2 protein chains.
Amino acid sequence: MVRLKDIAERVGVSVMTVSRVLRESPDISEKTRARVLAAAKELGYVPDATARGLRTGKTRLWGLVVPGIDEPAGAALASSVEAKAFAEKFELFIADSRGDPEKEREAVYRILSRRVEGIVLAPAGGAETLQSVCNLVGKQPIHLAVVSAEIPDPRPGAAFVEIVFDDAMEALARRLHTLGHQRLGILKTGAWMAEPLAAAARRAAEAAGLAAREETAKEMRPEPAEIARAAERLCLREPKCSALLAVDDLAALQAGTALERQGLKVSKGVSVASCGGTVWTEFAKPALSAIRIPWREAADEAAGLLRAMLEEEAKPSLRRIRAEFIERESLGAPSTG
Amino acid sequence: MVRLKDIAERVGVSVMTVSRVLRESPDISEKTRARVLAAAKELGYVPDATARGLRTGKTRLWGLVVPGIDEPAGAALASSVEAKAFAEKFELFIADSRGDPEKEREAVYRILSRRVEGIVLAPAGGAETLQSVCNLVGKQPIHLAVVSAEIPDPRPGAAFVEIVFDDAMEALARRLHTLGHQRLGILKTGAWMAEPLAAAARRAAEAAGLAAREETAKEMRPEPAEIARAAERLCLREPKCSALLAVDDLAALQAGTALERQGLKVSKGVSVASCGGTVWTEFAKPALSAIRIPWREAADEAAGLLRAMLEEEAKPSLRRIRAEFIERESLGAPSTG
DNA sequence: TTGTAAGCGTTATCAT
DNA sequence: ATGATAACGCTTACAA
C-alpha cells in the first residue's frame, strides 16, 4: 500500500509537502506540485481516509440500518440515502436488521464503532425497542435520523421523520363507503410499518362507518399460498368483506390473483387496494396501489436532516410526511347481493 | 467519545490492560477484568474500529458496488452480500453506480480509500470499462469479486462469478419453436445484464430456427408507455412476433399488459417471457419469469470467494453459474393465421 | 514555500 | 499479570 511517505521519499520532499499537494493547499510551488502529483500517479497512491478520519475527527461516514433491504421499501430508502451520501462525499454503511430488533441493536453498535457521523434508522421494532437504540446512539456525538410511523413519546434525542397514514386511509375508507362497501378486510404481513398501517386502516374504517376484519401473516414476505388463504378468509367467509386492503403491493397482487381464481372479479365485486409507492410497485401494478407511501421523500428528508445537522447545531426535530390516497381502477362497487 | 485512556484513568490501570480486557485476552486477573468492564459499561465505551484497523492493518470492511440498488437484481445482491458480511463481522459499504461507469470508478476509488479488505462489483459497463476498474483495484492488496455475464479475455486478476444464460435461453427457444412460434421479439432495456441477455436470446433463437427482432429502451427503468410502444412494435407490426422475451420481469409485466390492451391474449396468441429470479418478481408475477437468473447464488458465491481469499492465497478464479429455464403458463401456442 | 513535532485511538512488542 | 513505548497514516500547529 502506497503511503505519503513513499511519495515523499521518491520526490525528495517532506511528507507534509506531499500531504499539502494532495489536499490542494495553496503555497506550493508549481514545480514540486507537479513532481509530487506525478509520483503519486506513478505509484498508484490511494489516500487512506481511515487515517485521515482518525486525525481530523471527521470521517465522512454514514450508516443506514433497514429491516429488509431487498424489500421494495427498504431498497427505496437505501437508494435515496445512498444518492445523498454519494453526492456529499460520504461513504455509506448499510446493514439489514431483517426485522429483528436484536440484530438492529448489534448493527447500530457496530456502525457506531466505525465512527460514522450520522445514522439513518428505519426501526425494526415498535416504539419501545426504538428507545433503547436511541439511548445507545444518544450517548455518542453523532446524529440520528429515524424514519418511522410510530414516534415514541416523549421523543428521544434524534431527528424524526414521521410517516402519517391517517389522511390517506380516511380518504380510502370514505371512498369505499361511497362506493357502497360495508366491510373492509385488512391483510397484514410482517412488512415494515405493517402494524401502523393496519392500525390506521382500522381507525379510518371505523370513522367512515365500515366494519373491519383483519388477517395476519407474520413473515415479512409470506408464501403466496398463505396470503391466498388469508385473502379467502376475508372475502369468502362470512361476514364477507367486499373490499380488501393489503399492507403492501406484493401481498395485494397475490391476494388479487387468489381471489380471481376463486371467481371474484377485482374492481367488480371485490375491491383490492394496497399500500405502496416504490419505483417497483408503481411500475408493476399501479392499479392496486391506492395508498402511496412517500418512501423516497422520507428518506431524502432523513438524509437532508443528517446533512443539516453537520453544520448547524440542529435540535432534535420532527418532520411529518403524509401518505396520499390515489383513486385506482381496482376500486369499484361491491357486487349486489 | 470515550477512549481506552478514559477507562484506564477511571480504574487506575494502564491503557494496555484495558485493551486486553476488552479484547478478552487471557492473563488478566478476575479483579481488574471486572473493574474495567464495569467502568467501560458505565462510561458507555464504544471501541474505535477505525483506529484498530489502522494499527492492525485488518479493517474488516467490505464494499459493494452495484448498478441500481433499488432494482430487484441489485437489491438481491445487496441482501446476499450484506448477510454474509454481517455474519462474518464485516461492515459493508454500498455504492450505487446507477449504470454509469464513471460513477462506478469513483465509487470504487472512494471505497478503496476506506481500506476495505474486499470488493464485490456488479459492473455497470461492458468488458472494456471493467478492465480499467480491475486494474485500479489490482494495484491494491485487496480482493475483488466480479459478478457479470461478460468476462474480459484475458481475465484480469480478480475472482469472477460468471452468469451463463445460454442453456436456459436455448431451452426457452426450443420450447417456443415446439409450440409453433416462428419469430421471437426481444425487448431490451438498460437493466443490468440486458445486453448479454439479449445477445444470448439472439443466439438461442437462431440455433432453434426462430427469427428474432429486437427493440430497445435505453433507460434502466423505462416509462411504461415506452415499453408498451416497443412491445406493440414487436408484436403488432409486420413481421409480427408471436412470442416476446423481455430482459426483466417488470418490463415483461408492462409489455403483457400493453399487449392485452391491444386485444392480444397472453399465453393464447402471444407468449410472454421474462428474465427474473428475485424475491419480488417471483412473488409478484411468476407466470412470466421463464428464465430464472440466480442472483442470490451468484452473490453468495462472490461473498464466499471474498471470505475464502482472506484466508488462503486464492488465485484469481472463475466460477460459472447457470440461469435456468422454467416452463410458465404465459407460454402457449401462437394464434393460427 | 517547506519542514519538524506531536498526536488521533488502538495494538504489537518487549520489559517488568 | 501489568506497564511502557512505539507505530499504523495522516494532518494540525508551529517553526524556519
Side-chain angles (χ1 to χ4, degrees), chain A residues 1-37 39-40 43-61 89 91 110 112-117 140-142, chain B residues 1-37 39-40 43-61 89 91 110 112-117 140-142:
Chain A
M1 192 102 297
V2 184
R3 299 146 301 167
L4 288 184
K5 200 173 117 187
D6 301 315
I7 303 179
E9 284 172 3
R10 194 80 141 65
V11 178
V13 293
S14 80
V15 171
M16 266 318 294
T17 302
V18 178
S19 172
R20 281 191 267 250
V21 170
L22 264 22
R23 280 177 295 142
E24 304 178 27
S25 115
D27 301 344
I28 293 285
S29 80
E30 238 351 290
K31 207 177 96 189
T32 34
R33 145 171 284 115
R35 288 170 58 214
V36 166
L37 253 23
L43 296 176
Y45 174 73
V46 177
D48 187 330
T50 274
R52 170 183 303 167
L54 181 60
R55 177 62 238 240
T56 63
K58 260 80 193 66
T59 56
R60 296 201 84 78
L61 245 30
K89 306 256 181 246
E91 253 57 67
R110 281 166 51 170
L112 282 177
S113 85
R114 298 302 181 159
R115 294 297 184 264
V116 298
E117 296 185 35
Q140 312 305 127
I142 72 158
Chain B
M1 191 102 299
V2 184
R3 299 145 302 166
L4 288 183
K5 200 173 116 187
D6 301 315
I7 303 179
E9 284 171 4
R10 194 80 141 65
V11 178
V13 293
S14 81
V15 172
M16 266 319 293
T17 302
V18 178
S19 173
R20 281 192 265 250
V21 169
L22 263 24
R23 279 178 297 143
E24 305 179 25
S25 115
D27 300 343
I28 292 285
S29 80
E30 234 357 286
K31 208 176 97 189
T32 34
R33 145 171 283 113
R35 286 170 60 213
V36 167
L37 253 24
L43 295 176
Y45 173 74
V46 177
D48 187 329
T50 273
R52 191 210 305 277
L54 180 59
R55 179 60 238 239
T56 62
K58 260 81 193 66
T59 55
R60 297 201 83 80
L61 245 31
K89 307 260 182 238
E91 252 59 66
R110 281 166 50 170
L112 282 177
S113 86
R114 298 304 181 158
R115 294 296 184 265
V116 297
E117 297 184 36
Q140 310 306 126
I142 72 159

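These numbers come from the heavy atoms of this one structure, side chains and all, not from hydrogens, waters or symmetry mates. A note on names: the letters A, B, ... follow the listed sequences, proteins ahead of strands, and every chain is numbered from 1. None of these values were measured; they are calculated from a predicted model.
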For this session: Would you please test A:Leu22 and A:Leu4 for side chain to side chain contact (heavy atoms under 4.5 Å, CB included) and show each step?
Result: CA-CA 9 Å; A:Leu22 264 22; A:Leu4 288 184; 3.6 Å; yes

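- Phosphate proximity of D:dT12 to A:Arg23: present, with a side-chain N or O under 4.0 Å from OP1 or OP2.
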For this session: Between protein and nucleotides 2-7 of chain D, map the contacts as a letter string: B base, S sugar-phosphate only, - none, heavy atoms under 4.0 Å, written 5' to 3'.
Result: BBB-BB

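- Atom pair A:Arg52:CZ and D:dT12:P shows a separation of 9 Å (rounding to whole Å applied).
- The NZ atom of B:Lys5 sits 16 Å away from the P atom of C:dT11 (whole-angstrom rounding).
- If you take CG of B:Leu54 and P of C:dC8, they are 13 Å apart, rounded to a whole angstrom.
- Rounding to whole angstrom units, CG of residue B:Leu61 and P of D:dC8 are separated by 20 Å.
- When the P atom of D:dC8 is taken as reference, atom CZ of A:Arg3 falls 7 Å away, rounded to whole Å.
- Rounded to whole Å, the distance from NZ on A:Lys31 to P on C:dT2 is 9 Å.
- OP1 or OP2 of C:dT10 has not a single side-chain nitrogen or oxygen of B:Ser19 nearer than 4.0 Å.
- A pairwise comparison of heavy atoms in A:Thr50 and B:Arg114 identifies OG1-O, 3.6 Å as the closest pair.
- A:Tyr45 has a side-chain polar atom (N or O) that falls below the 4.0 Å cut-off from OP1 or OP2 of D:dC10.
- When rounded to the nearest whole Å, the span between CD of A:Glu30 and P of C:dT1 equals 10 Å.
- In this structure, B:Asp48 places its CG atom 8 Å from C1' of C:dT10, rounding to the nearest Å.
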